[in-house]
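A quick note: this is a predicted structure, and the numbers were derived from the prediction, not measured. Throughout, protein chains are lettered first and strands after them, A, B, ... in sequence-line order, and every chain is numbered starting at 1. Side-chain atoms are counted along with the backbone in the values below, which use heavy atoms only and exclude waters and symmetry mates.
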Amino acid sequence: MMTVYALAGVAVLLALAPIALAFAASARATDAVYGVALVTTSALCVIAMASLFERPAVVSTAVLPIGLPWLGAHFRIDALAAFFLVVVNLGGVAASLFALGYGRHEESPQRVLPFYPAYLAAMNLVVMADDAFSFLVAWEFMSLTSWALVIAHHRDAGNIRAGYIYLLMAGFGTFALLLAFGLLAGDNGNYAFDTIRAARPAGGLAALVLILTLIGAGSKAGVVPLHAWLPLAHPAAPSHVSALMSGVMTKVAVYGFVRVVFDLLGAPDWWWSMVVLAVGGVTAVMGVLYALMQHDLKRLLAYHTVENIGIIYIGLGLALAFKAHGMAVAAALALSAALFHVFNHSVFKSLLFFGAGAVLNATGERDMEHLGGLIHRMPQTAFVFLVGCAAISALPPLNGFVSEWLTFQAILLSPQLPSWGLKFLVPAVGALLALSAALAAACFVKAFGVSFLGRARTPQAANAQETDSNSLAAMYFLAALCLVAGVLPGIFIDALAPVTHALVGTSMPHQSGLDWLTVVPIAQSRSSYNGLLVFLFVTLSGSIAAFAIHRLASDRLRRGPAWDCGYPDPSPATQYTASSFAQPIRRVYGTTVFRAREIGEMPPPGSTAPARLTVVLHDLIWDAGYAPIATFIGYAADRLNVLQFLTIRRYLTLVFAALVLLLLVLAIWQ
Amino acid sequence: MIRDLALQGAQMLFVLGLAPLLTGFVRKVKARLLRRRGPPLLQPYRDLARLLRKEVVLADGASWLFRVIPYIVFAGTWVAASLVPTFGSGLLFSWSADLIAIIALLGSARFFLALAGLDVGTAFGGIGSSREVMIASLAEPAMLMIVFTLALIAGSTQLSTMAAYMVSATVGLRVSLGLALLALIMVAIAENARIPVDNPATHLELTMVHEAMVLEYSGRHLALIDLSSELKLLLYVSVIACLFVPWGIVPPGADAQAIAVGLACYLGKLAAGGVLLAVFETSIAKMRVFRVPAFLGAALMLGLLATLLLFVSGSL
C-alpha cells in the first residue's frame, strides 16, 4: 500500500512538470511549483519514514501496466528503498523550502521550474524501481532532467561545456549499468529484481557485474577517476539544484550500487571488497585535495562530495569484506556507518550549497577571492554555514563525526579478517581516511574563513544583504538536523537496523535503550561515544568559563585598530586569500599530486610593473585519462567524416558488405 | 554516584589548576639549562590573573565569532583534558568519549582557533592559520594511526580500558608499541607548538605559527587561549604517561592512601615529562616550516607501520 501512496506522490510531481511548463511565465509560478513540491516531498518523506520505522519491517510492492508489455513496471519499498526515499525527500523538502525564497531571483524560471519536480520524481522512481527496465528508464530520466537543470544558465561561461561532459559521462554510466543488468538478467531476460535475486549469478559473471556497477553507479556518484564531470556540473546548476545533485543524487547512485552488490548479487567474493576499498580510499583523498586547490565556493563543495563518496565507499567496502568472511556483526557496523554517512552528507552538503547559493544571490560571486567579511553582513547565513562546515569536517558533537567514528570502529575490527590482501589494504585505507578527515577540516577553515571572515575584498561583498526568511528556514532546519543526528545518533542507527538486517543478515545492537543515549557499536568495554554528554560538557564548561570570567574578572572591552604586529595595512588585498591559505598544503601535497609549480616574475630594478606569481596545476587524471580519449575521438571523427559525403552506390555497397559480414560472423559462431 | 561525580569534578579542577604549573616548570627547567635564573614557577598563574583583569582590546573588524572562539577553544580543550585519566582511571564519564573523540575535540578547538586567525583579516593571522592547518593535516592522521595501534593491542579505544590493559602483565615489549611511542612524541611536540616545529616563546618572527594565529587576542580572551595551550600540553603528557608509563595509576574505588600514592606518581611522571621536554627543546634547533611535513610524515609512517605490524600479527 505504501508503494501506491508513494507512486501517487511521484505522479503529482510528474504532473507538476508540464503544468509548470505552461505557466512558467506567470509571476506566481515559482511559489506555486516550489510550494507543491514542498508539500509532496513532505508527504513522500512521511510515507518513507512510516515504512522505515514500521516494526516488523514490511515490504510493499506495486505493478503498473506500463513499460515492457510482458513485464510491466514493478515498484517496491523495502527497508533499503525506504531509507533512501527518506534521504531523497528530506533533501527535496529542504531544497523546495529554500527555493521558495531563492527561486524568486531566478532570471529564467521557465528553464528551471518544469524540470525541478520531474527531477525529484525521477530520483524517487529510481529508488522504488523493482525491475531493471524501470530502474534504467528512471535513472536515465534522472540524468536528463538534471542535465537540463545544469544548462539552465546556459549563457554563463563554461556551463554548456559542463552540460556536455555531464551528458557524455551520464550516458557512459548508464551504458555500464545496462550491461550489468543484461548480465544479471541472464539468458532468459528476467528483468524483474525478484527473479534476478533468485537466480544469483556466480563466479566471473558476478565479478563482471560488480565492476560494471562500480563504473555505472560510481560515475554518477563521482568516484575517482570517473568524477571529472561532477565538479563542473554540480556548481553550474541553480544552487538548490546543486544541493540536490550533490546531496541527494550522488546518494541515489550509492543506492544503485548497494542494491545491485549487496542485494541482487548474493554472496560476495572477498577480493571485491579490495577493489571497493581501494577506490574509496583514493576517492576520499583525491577529492579533498582537489577541493583544497579550488577558490570557487561551489566547486569546492562539489569536490568535497567526491571526498565524502569516498568515505561512503570505504564503509561499503568494509561491509563487503566482513560479509564475504561471514562476520555479520562487523558487516552490520560498517554498513550502518556507510549509510549513516549517506544521510549525514546529504544533510550538511545541502546546507552548504544553500549557504553558497545565499552568498551567490547576495553578492553575485562564487569566487572566494572576491568575498570576505560576510559574517558582518549576513550573520545568520554565516552561522548556519559554520555549522555545516563543522559537521562536514567531522567535529564533535555534530553528525559528521559520528559516522566517521563508526567507520573507524569498523576498521578496528578488521584485523580478524583472514585474507592477506585485506590485512595490508585496510590499514592503508584507514590512514587515507584519517588524512582526508584532517584535510577536510583544513579545507573548510579555508572556505569559511576566506568567504565569511576577514575584510570584504570587493564592494559586492561589502554591500551584501542577509538572505530571505524561507532560505534561512531551510538552512536552520538542516543545521538543526546536523546537531540532532550528532547528539542523538542512536535513533538514526536503530532506524538503519532493518536495512542492515536485510542486506547482511544482522544489525548493530539496539542503541536507544542505553544509559544516557550512548552509542556502543560492539560492546561497552570496546568503545562507546556519547554525543549528548560531549555536547552538554562543552556547552556547560564554555558557559561556566564565560560566566565566571565576566563576573569575577573583567568584562570591559574596547575597540581599536588591528595590531598585526604593528604593521596593519588598510588595504583588504593584504589579507590571506584562498590560494595563499592553501599554499603550504599545495606545497606539501600538490607538488606530487598535481605537479604544482609556482612561477614568480619579478620586474627588473627600476620598473614599476607589478610582480606576479603564477601557480600551475595539472589535473593528472584528466591529462592521462580523459584528454587522450577526447583526442582520439576527435581524430577518428575527422577521419570518418568522409563517410558522410559518399554517393548512394557506395552507401549501398557498405550496407551490403555489412550484411555479408554479419552473416559470416553468425555462420562461424553457430 | 555522588562520589564518582565529585571525583570527576575534582579531576576537571585538578587539570585546570595544574596545567599552568607544568608550563611554568618547563620554562624554569629550560631557563636553568641555559644557566639563566628563569621566571618563578608560578609565573603562568600570575600572567593569567593579570590578563583576566585587563580589558579586551578588540580589533575593529572583529566579528562575534572572534569573541566566542576563546570560550569554544577553552571548553573543547578542557573537556578533552578532563576525560584523560591522570592519577586514577575509571572516571565517571570516561565512556562518553574515547580516544578518537578526544583527538576530534582537540581538532575542533584547532578548527575554531584557525578561523579566529582569519577573522580580523590581517596577514599574520592568515599565515598562522594556514600553517597550523597544514601541520594539523599531517599530525591528526598520525595521531589516529597511533590510536589504531594502541586500540588493536588493547582491544578498545577507551582510554581507561587501554590504561588498565597497559598495566597488566600481558602486554610485554612490542615493536609496534615502540614505534607508536616515538610517533606519539613527535605528534605531541607538533601539536603543542614546541621546538623544533614551532617556538612558543617568539613573536615578530615569520616562522611562528601558533602565536601568529592568536596575535590579535588580548585580555581575558588571550588568557583563555593561553590556558587552553597549557591544558593541551598537560593532556598530551598525561596521555603518554597513562599509556606508556601506566604504573602507579589508581584503580577505581581505591582508598585515600592509594589515591595519595597515585597522585605522587602522577606528579612525578609530569615532572619527568617536563624535564625531558625541556632538555629536548634546548638541545635542538627550530626547523624551517617546510621541513615540518617531513618530520610529521615520518610520524605518520611510523604509526602506519605499527598498525600494519599488528594487522599482520597480533603479537608484534
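Residue contact with chain B, scored on non-hydrogen atoms closer than 4.5 Å, is absent for A:Ser436. Both the backbone and the side chain of B:Ala62 come within contact range of chain A, judged by heavy atoms closer than 4.5 Å. For a residue to count as touching a neighbouring chain, one of its non-hydrogen atoms must lie under 4.5 Å from one of that chain's; by this rule B:Gln158 touches chain A with backbone and side chain alike. Of the atoms belonging to B:Ala136, it is backbone heavy atoms, and not side-chain ones, that fall under 4.5 Å from chain A. When heavy atoms are compared at a cutoff of 4.5 Å, B:Phe111 approaches chain A by way of both its backbone and its side chain. Residue contact with chain A, scored on non-hydrogen atoms closer than 4.5 Å, involves the side chain of B:Thr161 exclusively. Interface remark: A:Ala523 contributes no atoms to any contact with chain B (heavy atom separation under 4.5 Å). Proximity to chain A (any heavy atom under 4.5 Å) is restricted, for B:Leu144, to the side chain, taken from C-beta onward. Heavy atoms closer than 4.5 Å to chain A are found in both the backbone and the side chain of B:Val57. If you measure heavy-atom distances from A:Gln409 to chain B, the contacts under 4.5 Å come from the side chain alone. Interface remark: A:Gln416 contributes no atoms to any contact with chain B (heavy atom separation under 4.5 Å). With a 4.5 angstrom heavy-atom cutoff, B:Ser82 does not touch chain A via any of its atoms. Contact of A:Phe444 with chain B is made through backbone and side chain together, with heavy-atom distances under 4.5 Å. For B:Arg67, the part lying near chain A is the side chain, with the backbone staying farther off; criterion is any non-hydrogen pair under 4.5 Å. Contact of A:Ile411 with chain B is made through backbone and side chain together, with heavy-atom distances under 4.5 Å. Of the atoms belonging to B:Ile135, not a single heavy atom falls under 4.5 Å from chain A. For chain B, the nearby parts of A:Val538 are the backbone and the side chain; heavy atoms of each come within less than 4.5 Å. The contact between A:Val534 and chain B is made entirely by side chain atoms (from C-beta outward), counting heavy-atom distances below 4.5 Å. The contact between A:Leu533 and chain B is made entirely by side chain atoms (from C-beta outward), counting heavy-atom distances below 4.5 Å. For A:Pro568, no part lies near chain B; criterion is any non-hydrogen pair under 4.5 Å. Residue A:Phe401 touches chain B through its side chain alone, counting heavy-atom pairs closer than 4.5 Å. When heavy atoms are compared at a cutoff of 4.5 Å, B:Phe290 approaches chain A solely by way of its side chain, counted from C-beta outward. Only the side chain of A:Arg587 comes within less than 4.5 Å of a heavy atom in chain B; its backbone stays farther off.
Residue with the most contacts toward chain A among B:Val68, B:Val79, B:Leu115: B:Leu115 (heavy-atom pairs, distance under 4.5 Å). In terms of heavy-atom pairs under 4.5 angstrom with chain B, the leader among A:Ser527, A:Ala553, A:Gly542 is A:Ser527. Among the candidates B:Ala114, B:Gly155, B:Pro293, the residue making the largest number of heavy-atom pairs closer than 4.5 Å to chain A is B:Gly155. Highest contact tally toward chain B, considering only A:Leu453, A:Val519, A:Leu435, is held by A:Leu453 [criterion: heavy-atom pairs under 4.5 Å]. Highest contact tally toward chain B, considering only A:Leu413, A:Ile549, A:Thr574, is held by A:Ile549 [criterion: heavy-atom pairs under 4.5 Å]. Counting heavy-atom pairs under 4.5 Å between each of A:Gly560, A:Ala441, A:Pro561 and chain B puts A:Gly560 at the top. Listed options B:Leu99, B:Leu52, B:Val292 were ranked by heavy-atom pairs under 4.5 angstrom with chain A; first place goes to B:Leu52. Counting heavy-atom pairs closer than 4.5 Å to chain A, the top-ranked of the candidates B:Phe74, B:Phe66, B:Trp64 is B:Trp64. Contact count against chain A (heavy-atom pairs under 4.5 Å) is highest for B:Glu216 among B:Glu140, B:Glu216, B:Met145. Ranked by heavy-atom pairs under 4.5 Å with chain B, the list A:Phe537, A:Phe424, A:Phe448 is led by A:Phe537. Among B:Ala142, B:Ala75, B:Pro141, the residue making the largest number of heavy-atom pairs under 4.5 Å with chain A is B:Pro141. Comparing A:Asp569, A:Val445, A:Ile585 by how many heavy-atom pairs each has under 4.5 Å with chain B, the most go to A:Val445.
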Requested in this report: Evaluate the side-chain contact (heavy atoms from CB on, under 4.5 Å) criterion for residues B:Leu118 and A:Phe581: first the C-alpha distance (whole Å), next the side-chain angles of each, then the deciding distance (0.1 Å), finally the verdict.
Outcome: CA-CA 10 Å; B:Leu118 290 167; A:Phe581 187 84; 3.9 Å; yes
Query - Worked check of side-chain contact (heavy atoms from CB on, under 4.5 Å) between B:Phe311 and A:Leu422 - result: CA-CA 9 Å; B:Phe311 265 83; A:Leu422 284 169; over 6 Å; no
Query raised in the report: A:Tyr576 and B:Ser130: side-chain contact (heavy atoms from CB on, under 4.5 Å), yes or no, with the steps?
Result: CA-CA 9 Å; A:Tyr576 251 49; B:Ser130 86; 3.5 Å; yes
Query - Check against side-chain contact (heavy atoms from CB on, under 4.5 Å), A:His376 and B:Ser63 - result: CA-CA 7 Å; A:His376 302 288; B:Ser63 67; 3.6 Å; yes
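Here the rule is side chain to side chain contact (heavy atoms under 4.5 Å, CB included) with A:Trp563, and of B:Leu215, B:Thr122, B:Val120 only B:Leu215 fits it.
Note that OH of B:Tyr71 is 11.0 Å distant from OG of A:Ser543, once rounded to the nearest 0.5 Å. Going from atom SG of A:Cys565 over to atom CZ of B:Phe124 covers 4.0 Å, rounded to the nearest 0.5 Å. We find the CE-CG distance between B:Met12 and A:Leu540 to be 8.5 Å, quoted to the nearest 0.5 Å. Between atom CG of residue B:Leu310 and atom NZ of residue A:Lys423 there is a gap of 10.5 Å, rounded to the nearest 0.5 Å. The OG atom of A:Ser528 sits 7.0 Å away from atom CG of B:Asp98, with the distance rounded to the nearest 0.5 Å. A:Leu557 CG to B:His221 NE2: the interatomic distance, rounded to the nearest 0.5 Å, is 6.5 Å.
The contact list for residues 295-309 of chain B toward chain A, using heavy atoms and a distance under 4.5 Å, reads B:Leu304, B:Thr307, B:Leu308 by residue number.
Enclosure of atom CZ in B:Phe112 by more than 12 non-hydrogen atoms of other residues, nucleotides or ligands within 6.0 angstrom is indicated.
A donor-acceptor pair under 3.5 Å is formed between the side chain of A:Arg559 and the backbone N or O of B:Asp60. Listed for the B:Arg220 side chain is no donor-acceptor partner under 3.5 Å among the backbone atoms of A:Ala546.
Contact annotation: the side chain of B:Val289 never approaches that of A:Pro584 to less than 4.5 Å [non-hydrogen atoms, C-beta and beyond].
Ring pair B:Phe148/A:Phe408 is perpendicular by interplanar angle, where above 60° counts as perpendicular and below 30° as parallel.
Closest approach of A:Arg558 to B:Glu55, counting heavy atoms only: NE-OE2, 2.8 Å.
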